[in-house]
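To keep things clear, I will list the structure first and then write my remarks on it.
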Amino acid sequence: MDLTIEGKLYYNGTFEQGCLGIEQGKIVAIKKSLKTDNHINVGNNLILPAGIDLHVHFRDPGFTHKEDFSTGSQAAAFGGVSCVFDMPNTQPQTTSKQTLKEKTQIASEKSYVDFGLYAAVSDENIGRLAEISPFCSGFKIFLGGSTHSLQLSTKNLRVALLETNRTKKITLIHAEDEHCLKTHEDLENNLVDHLRCRSAECEETAIRTIINNSPGLSSPIHICHLSSCEGFEMLRKKPNQVSVGVTPHHLFFDVHSLNTKQTLYKVNPPIRSSFDRDTLWYGVNNKLIDIFESDHAPHTGEEKNVEFDDAPSGLPGVETMYPLLLTAMKKEQIKLSTLLTLLCERPAQLLNLPKGKMEVGRDADFIVVDLKKTETITAEKLHSKCGWTPFEGFPAIFPSMIFIRGEKVIDDHQMFVKQGFGKFVGV
Ligand code: DOR
Ligand code: ZN
């Protein structure tokens, strides 16, 4: 074995003092006691699977003043996330073999964590998805317009889903109905206006359209960032291959507890009422939500510091997701088993990754964490290039170490691998 690590292991649903044996990046043994020359003992600290984030916008290429694959992936690693999947709304958008190859090259040179890439489905490239498929981890569809996004016309959804289904890859959908959104009609002055222009009905309608267009399909379809009670109710009719994710910002904020002039919290779909937020927590705790996803969508403070209507939507979150959820776990808002299913195991299953769980044969991707060490989130301590966080001042439990494929990536705030350590996965 190349490495053994000893601590409080989360294994088969409980904690036990034990050891992981690692060889060539994989877990090869889980035993009460194991020894090699290369042995690390983390004492009473917990060893948990690393998180997987199916939904990040690392802005590279095209918007690298907001983020790039180097800073974004550092943020992921410091937040306990070993693998990210990047959205296609970069510049150029990843809609072709060529643009995917270019982004793969960029990410391979810069990433500190493992990564996958999505291709955008537009009205123009529907006929070429089979050709694009070998170069991406899955497909992204925006049913309603959003920041820098390429929209698919709803009338083309069935054809698009038939095509992505043939590739057997996952299709992720931003579920806001284009005809329902009132974004071009009214001037928005605050978060409540934003909410009115992007009502819960838009999410409900889009989810209904997705469900109505999915008969006969078997490949996974994922509804991103569920935000409303109405959308949640609609999901009760969903077929099995349709999964759903929620973000930390929809779980930790409600619009009335925010300063509604704040453009920092302008995001699509919007942050809604406490009733919607509580419904999402209910879904999380009752096995009705499949995964957590950060929808890390950084914009600079300067870009956000403009008139409300002109501000871009989106906020950063990849680094704070696992730490905030560990704090929620400590406050008994969520069970650890649920947290790990939604943050690690189920995302791995959706993307067919040999990660997400402490099990012999899987990648040795794990974090070391001390639940007694609660810190306060401040933007200075974080690694995103955007330089701010919507969770400023929130209590959070950050991992002290992260291992990816058996390599120590971070220990005590220090990075131990070089840019380009991260590997392209999930194709
Ligand atoms: O608020 C959002 N920002 N929603 C999206 O769908 C896109 C994202 C971005 O890329 O900025
Ligand atoms: Zn997104």
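For clarity, every value in this text was computed on a predicted model and none was experimentally measured. Note that ligands are numbered from 1 as they come in the structure, with each ligand's atoms numbered from 1 the same way.
No option in Arg405, Lys26, Lys423 other than Lys26 meets the salt bridge (charged side-chain N to carboxylate O under 4.0 Å, His left out) test with Asp363.
Side chains of Glu293 and His55: a donor on one and an acceptor on the other come within 3.5 Å. Side-chain N/O atoms of Asn190 and Thr260 include no donor and acceptor closer than 3.5 Å. In summary, the side chains of Asp123 and Ser153 do present a donor paired with an acceptor at a separation below 3.5 Å, with no hydrogens or angles considered. No side-chain donor from either of Ser228 and Asp276 sits under 3.5 Å from a side-chain acceptor of the other. Side-chain contact of His174 with Asn268: a donor-acceptor pair under 3.5 Å is absent, judged by distance alone. Judged by distance alone, the side chains of Gln93 and Thr99 never bring a donor and an acceptor atom under 3.5 Å apart.
Between Asn268 and ligand 1, at least one pair of N/O atoms sits closer than 3.5 Å. Note: no N/O pair closer than 3.5 Å links Val267 and ligand 1 by distance alone. Residue-to-ligand polar distances place His57 within reach of ligand 1: an N/O pair is separated by less than 3.5 Å.
With a 4.0 Å heavy-atom cut-off, ligand 1 is reached by the side chain of His174 but not by its N, CA, C or O. For His299, every heavy-atom contact with ligand 1 shorter than 4.0 Å involves the side chain, none the backbone. Residue-level proximity to ligand 1 for Arg59 is carried by the side chain, the only part with a heavy atom below 4.0 angstrom. Within the 4.0 Å heavy-atom criterion, neither part of Leu315 lies near ligand 1.
Taking the six-membered ring for Trp and the full ring otherwise, Phe424 and Phe115 have centroids separated by under 6.0 Å.
Applying the 4.0 Å criterion to heavy atoms of Ala297 picks out, from ligand 1, the atoms 3 (N), 8 (C), 9 (C), 11 (O). For ligand 1, the atoms sitting less than 4.0 Å from at least one non-hydrogen atom of Phe142 are 6 (O), numbered in the order shown with element in parentheses.
Here the protein heavy atom with the shortest distance to atom 7 (C) of ligand 1 is Ser146 OG, 3.5 Å. Nearest protein heavy-atom neighbour of atom 3 (N) of ligand 1: Ser313 O, 3.0 Å.
The distance from the Zn ion (ligand 2) to the nearest N/O/S atom of His55 is under 2.8 Å.
Taking the Zn ion (ligand 2) as the apex, the angle formed with NE2 of His57 and OD1 of Asp295 is 90°, to the nearest 10 degrees.
The two atoms that bring Gly51 and Tyr322 nearest to each other are N-CE1, 3.6 Å, heavy atoms only.
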